[in-house]
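As the structure lists them, so they are numbered: ligands from 1, and atoms in each ligand from 1. By convention here, the first residue in the shown sequence is residue 1. Only this structure's heavy atoms are used, side chains among them; waters, hydrogens and symmetry mates stay out.
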Amino acid sequence: MLTLEKNIDAFVEKYLITPENIWQPTDFLPNSQSENFIEEVKEIQELSKDLDDDFWVVMVGDTITEEALPTYESWLLDVEGISQMNNEEGDNGWAKWIRSWTGEENRHGDVLNKYLYLSGRINMREVEIATQHLIADGMDIGTGRDPYKNFVYTSFQELATYISHNNVAKLARKKGHKLLGKMSKIIAGDEMRHHRAYTEFVKQIFQHDPSEMMLAFRYMMKHKIVMPAMHLRRSNGQKGDLFNQFSVVAQRAGVYTGFDYVNIIKKLISVWDIDKITGLTSEAEKARDYLMRLPERMYRITERIVVPNTKYDFKWIRPIS
Ligand SMILES: [Fe+2]
Ligand SMILES: [Fe+2]
């Protein structure tokens, strides 16, 4: 972490964008200072009627996941090698990275939340309650404070969010909802850029510490990548009681499926050139063998999974009573 930290300014420069130069939520929303505001909101509400409940459930889940950003920022600031105020000049480089990344991510929940509010399809109070709960419930992604495991997790998750926002964009465009399509697409673009950054960190760790990095990768794959919204719950419910239903809906809507999970593993194996890494201990060689065989094995299991068609009652899309 100390070695990589020396390049943090270059990473920030290459993979993150300053507030003035990046898109902001306002760029994709009706301007409330304009005379056309009400007309534009009406148009959004008309178009929103054409998208089905499953679609809105996925949108809400994705929004709440983005809105739980305080959980991710505080988690990452606690990872070994990342620290705030560790010397007289202030933060170490990693803290700077985490903060700049957080600043970018914050725009995702912001724009999605405002859009849900304008759509007229959502019971915002229930969404707000679920968000407050999710932040309070926190998460345990099984990485501990280990930076190697955490960077495997973030490499994976940034790609997962790319896939999910990108699929939402496709569904929205198919229904003629251009603005929502554009907005989701641009969020997906951010996630892809973040994914590239985190995979680059891991790539560099592989150069310095190949065996330990390989073992960390296997560890994370063996224990499965849990979703950051794992503790999602309904109002007056139990911790995590809503996550499975949300996950089923995301799968049948085609927004994030078991096959996406396997494809992400494949992509990580290829981007890190797992088959070509040299200088491994015998234990790390075994880990490599496990990883190389994993996608095919998981693909076969995924093929057998049947996604239920049950209609769930989500309070998020019920009228406010
Ligand atoms: Fe995001
Ligand atoms: Fe991201």
Point to revise | Counterpart residues, ring-ring contact (aromatic ring centres under 6.0 Å, His included), relative to Trp94 (two or more places apart) | key: Phe151, Phe201

In plain terms, say whether [X] and [Y] are close enough for a salt bridge, that is, a side-chain N and a carboxylate O under 4.0 Å apart.
X	Y	answer
Arg193	Glu158	no
Lys203	Asp273	no
Glu128	Arg125	no

Review point. Mind checking whether Phe206 and Trp272 have parallel, tilted or perpendicular rings, split at 30° and 60°?
Key: tilted

Review point. What are the two closest non-hydrogen atoms of Tyr15 and Glu104, and how far apart are they?
Key: O-OE2, 4.4 Å

Check your understanding: At distances under 2.8 Å, what protein N, O or S atoms surround the Fe ion (ligand 1)?
Key -> Glu66 OE1, Glu66 OE2, Glu105 OE1, His108 ND1, Glu191 OE2

